[in-house]
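Note that these values count all heavy atoms, side chains included, but never hydrogens, waters or copies made by symmetry. Below, read A as the first sequence line, B as the second, and so on, with proteins coming before strands; counting in each chain starts at 1.
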There are 2 protein chains.
Amino acid sequence: MSDPASFLHRSLPEAVYLELRRKILNNEYEAGQRLVEAPLAEELGVSRSTVREALRQLNTDGLVDISPRRHSVVTRMSYEEIRDACYARFVLEAGAARLLTFQKDPIVDRLQAVVDRMAATAAGGDVAAMIDLDTEFHSCIIDAAGKHRLAALWRTLDAQMGALMRSSIDRQHIGLDEAARRHQQVVDVFRVGTAEDFVQILEEHYLGTVDSMAQAGVLDSAAAFKP
Amino acid sequence: MSDPASFLHRSLPEAVYLELRRKILNNEYEAGQRLVEAPLAEELGVSRSTVREALRQLNTDGLVDISPRRHSVVTRMSYEEIRDACYARFVLEAGAARLLTFQKDPIVDRLQAVVDRMAATAAGGDVAAMIDLDTEFHSCIIDAAGKHRLAALWRTLDAQMGALMRSSIDRQHIGLDEAARRHQQVVDVFRVGTAEDFVQILEEHYLGTVDSMAQAGVLDSAAAFKP
DNA sequence: CGACCGCTGATTGTCGACCGTCGACCGCCT
DNA sequence: AGGCGGTCGACGGTCGACAATCAGCGGTCG
């Protein structure tokens with residue numbers, strides 16, 4: 001993100017990648033939609049090779065599924081896959097959190113500030129902004145641990161979850177106040193508790209997230225098989 | 001690995017990717033070596049596009065660094081980066097382990113079997129086989145948790161570490177018996193302990209690994225600042 | 001009437017060529 | 001002699017064309 005050289009030489013594939021990524025994450029392309037190289041290339045004014053490279057990148061991000069010799073589609077995750085990704089994200093965040101000093105860690109002020117903004121945003125009903133704040137909140141924790149690689153992995157998973165959350169909250173307009181409250185709870189535990197307490201409430205927090213996504217019916221077909 | 005469709009349609013880029021990956025992981029290419037597209041293409045009998053795609057894939061695996069408009073090189077990790085990757089691997093494995101039932105989990109037999117083979121291998125002094133067994137050992141734990149996404153992330157990190165371990169153990173021919181003993185210790189804790197005990201010994205296990213790599217001088221930390 | 005089989009269109013796979021850019025080298029100016 | 005600007009070679013970036021392959025469709029045969 002803060003790599004100074006990445007602003008210069010933002011290559012064509014990188015730009016295409018970012019554009020397609022943005023559209024997928026904003027649900028301008030819905031899950032399962034076909035992404036055909038040639039039309040995208042013409043639409044974006046580049047050649048197929050360029051689009052192709054961007055699609056491969058999106059594939060490794062888990063945002064696009066590529067069927068060999070067939071066509072690419074926006075990833076549609078099963079309930080199982082969503083749970084797995086969510087759990088992996090939780091595990092990484094817990095791994096970051098256990099490195100922090102609790103109670104007197106200055107990070108708590110930053111977290112509180114984000115939660116305050118969440119409360120304000122919840123009142124306004126801006127779903128997209130809320131999800132961005134969620135990412136910002138957890139990023140604080142991840143970044144504070146100073147583990148760059150771990151943070152990178154987390155960010156990939158978070159982006160995917162963000163896309164799902166967008167589409168889930170879009171469908172049922174509840175939970176913004178609830179979300180703000182949940183995060184406040186996390187901060188409170190951070191203030192007075194230990195790493196163990198924190199991990200526990202974090203896990204509940206994540207489970208709540210995947211549950212609300214499940215109930216929102218984001219997972220179209222596989223939802224029926226939920227235990 | 002177990003994807004049935006992956007045997008069919010093993011495309012050219014995939015094959016090239018696997019071949020280059022194998023060479024990097026076996027240290028047939030040393031860290032920092034330049035990987036120029038055109039010569040590689042000719043050597044492998046494919047076009048530059050194909051090699052290019054394989055290099056991108058290796059890049060996202062963290063095995064190759066790509067400098068825009070310049071050339072690609074085999075990744076040379078700093079001490080910090082190694083520690084980060086190692087820690088992330090540990091976090092993921094701990095996240096898998098906490099889902100297991102301890103003491104009576106049937107996995108322990110499989111783990112013990114691997115350790116037994118380790119002991120035999122240590123006597124023979126086969127470094128490469130030992131590293132493969134290490135991967136197999138930890139894979140048992142990861143796979144037993146049944147979290148596919150988490151396992152995939154772990155595997156990527158493990159492959160990188162494997163490359164480093166190969167080159168570190170190559171340089172100092174000690175530690176094979178020591179490695180076997182360490183893993184036996186992990187199994188013992190698994191037998192009688194709880195998830196918390198296990199995570200603790202696992203962390204020591206990982207720290208020991210990164211330390212021995214550090215001492216082996218894999219990370220030319222001084223060389224990093226040298227022209 | 002249904003199942004099978006080959007045609008066909010759509011889409012990706014692969015390639016070689018041309019273009020732009022970067023760093024290295026060299027000669028000139030101070 | 002040292003710094004600087006220009007030139008050159010090397011390499012990645014981008015492209016359009018051609019080949020391979022798959023799914024769906026329509027015709028045909030049992």
Not counting sequence neighbours, which residues clear side-chain contact (heavy atoms from CB on, under 4.5 Å) with A:V46? List them please. A:L12, A:V16, A:L44, A:T50, A:V51
Could you check which residues of residues 48-66 of chain A get a heavy atom under 4.0 Å from DNA chain C? Sort them by number, please. A:R48, A:R52, A:R56
Nucleotide nearest B:R70 (side chain, heavy atoms from C-beta), chosen from D:dC15, C:dG23, C:dC15: C:dG23
Do you see a donor-acceptor pair shorter than 3.5 Å between the side chains of B:Q160 and B:R155? no
Please name the nucleotide paired to D:dG30 by Watson-Crick or G-U wobble geometry with both distances under 3.5 Å, or report none. C:dC1
Hey, can you pull the donor-acceptor pairs under 3.5 Å for the side chains in residues 29-40 of chain A, sequence neighbours left out?
| from | atom 1 | to | atom 2 | distance (Å) |
| --- | --- | --- | --- | --- |
| A:Q33 | OE1 | A:E30 | N | 3.3 |
| A:E37 | OE1 | A:R48 | NE | 2.9 |
| A:E37 | OE1 | A:R48 | NH2 | 2.9 |
| A:E37 | OE2 | A:R52 | NH1 | 3.0 |

Give the rounded distance in Å between these two atoms: NE2 of A:H71 and P of D:dA20. 23 Å
Which of residues 33-46 of chain A sit near DNA chain C, with a heavy atom under 4.0 Å from it? A:R34, A:L35, A:V36, A:E37
Run the side-chain contact (heavy atoms from CB on, under 4.5 Å) test against B:R70 and tell me which residues pass, sequence neighbours left out. B:S67
Report the residues that fulfil side-chain contact (heavy atoms from CB on, under 4.5 Å) with B:D126, sequence neighbours left out, ordered by chain and then residue number. B:T121, B:A128, B:A129
Can you name the side-chain contact (heavy atoms from CB on, under 4.5 Å) partners of A:A163, sequence neighbours left out? A:L25
A:Y87: partners by ring pair (Phe, Tyr, Trp, His ring centres under 6.0 Å), with sequence neighbours left out: A:F90
Kindly point out which of C:dT12, C:dG13, C:dG16 is positioned nearest to the side chain of A:R69? C:dG13
If the condition is salt bridge (Lys or Arg N to Asp or Glu O under 4.0 Å), which residues does A:D65 pass it with, not counting sequence neighbours? none
Between A:L12 (CG) and C:dT21 (P), how many Å, whole number? 12 Å
